[in-house]
Every structure is written in C-alpha cells, then in structure tokens.
Amino acid sequence: MRREIDIDIGRRLLDIDHPESPFGTKESPAVVQSYFDKRNIGCRGGEGEDGHDVVWFWLDKGKSFECPVCSQYFEHEVVGPGGPPDGHGDDEDHHH
C-alpha cells in the first residue's frame, strides 16, 4: 500500500517523486514534474523484457532528453517556484 503525503500546495509528494506514465516518444514525451528548473531522474526502459538498468541524467527546464539505451523521450515541467534545486543560483562557484 502506498502512503500519500499531502504538502502545502495540495499536490501529493509521491506523485512527483515517482512518476509513472506511458513510454515517452519524440512526439509524446514522458512528462516529469519538478518544483525546480532541473531534476535528476532515472530511466528503467519499458515494461518486462524492454526494461534495462537505470540510466541517470539531469532533465533541464525547456529541454527534452532521449535515453541512450531505449530511446525513450522525457520532458521537464516546472510545477513550483522554479530555480535551482540546490538554492544557489546557476552553476557559478559559491565557495567563500
């Protein structure tokens, strides 16, 4: 049984953390939601024999990604305030 955790904006956290959708194609990519402008996700391929070991990658706002193993397409949708997941801005060096 899956435990659902409600958060303040009324979305279920597990729906965003563990997305499930049909296999993404170039014409109809699998949409992955995030509260931020980029998200690290993993592709496991299709169902059963079409599955593969997890391939991890960053999915950036406004860009699609094609899995190099199974050719599944992913697209990013920001559903929160946006910005970087680490809260530091872009990829600048933040050491003081």
Side-chain angles (χ1 to χ4, degrees):
M1 184 162 130
R2 187 169 126 172
R3 181 175 170 221
E4 296 175 345
I5 303 169
D6 291 325
I7 57 176
D8 62 345
I9 63 172
R11 295 189 183 269
R12 292 179 304 184
L13 184 59
L14 290 179
D15 284 348
I16 289 178
D17 285 346
H18 303 283
E20 292 182 18
S21 65
F23 192 87
T25 63
K26 189 172 188 174
E27 296 77 24
S28 182
V31 176
V32 178
Q33 296 179 329
S34 174
Y35 297 113
F36 304 104
D37 289 345
K38 71 180 192 176
R39 177 174 174 171
N40 194 314
I41 68 168
C43 178
R44 296 181 301 164
E47 297 289 325
E49 293 181 11
D50 292 330
H52 58 72
D53 290 340
V54 177
V55 174
W56 294 100
F57 57 92
W58 281 102
L59 190 58
D60 293 312
K61 176 182 176 183
K63 297 181 181 176
S64 60
F65 181 85
E66 179 183 8
C67 176
V69 177
C70 67
S71 298
Q72 178 167 203
Y73 275 83
F74 297 88
E75 190 171 278
H76 182 272
E77 178 185 359
V78 178
V79 296
D86 62 5
H88 291 291
D90 54 23
D91 293 330
E92 297 175 10
D93 185 9
H94 295 283
H95 298 284
H96 299 283

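In this chain, residues are counted from 1 in sequence order.
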*ring pair (Phe, Tyr, Trp, His ring centres under 6.0 Å) involving Phe65 - partner list, sequence neighbours excluded*: Phe57
*Indicate the atoms forming the closest heavy-atom contact of Val55 with His52, along with that distance.*
CG2-CE1, 3.8 Å
_For a quick test of reading the model, state the closest non-hydrogen atom pair linking Tyr73 to Ser64 and the distance between them._
CD2-OG, 4.5 Å
*Between Val79 and Tyr35, is a side-chain contact (heavy atoms from CB on, under 4.5 Å) present by the stated rule, with each step listed?*
CA-CA 5 Å; Val79 296; Tyr35 297 113; 4.2 Å; yes
*Looking only at heavy atoms, which two atoms of Phe74 and Cys67 are closest? And how far apart?*
CE1-CB, 4.5 Å
*Within the distance-only criterion (no hydrogens, no angle test), does the side chain of Gln33 pair as donor or acceptor with the backbone N or O of Glu77 below 3.5 angstrom?*
no
*Say whether, by atom type as modelled, one donor and one acceptor occur between the side chain of Asn40 and the main chain of Trp58 under 3.5 angstrom.*
no
*Applying side chain to side chain contact (heavy atoms under 4.5 Å, CB included) between Pro29 and each of Gln72, Glu75, His76, report the one that passes.*
Glu75
_side-chain contact (heavy atoms from CB on, under 4.5 Å) for Arg44 and Cys70? Distances and angles first, verdict last._
CA-CA 9 Å; Arg44 296 181 301 164; Cys70 67; over 6 Å; no
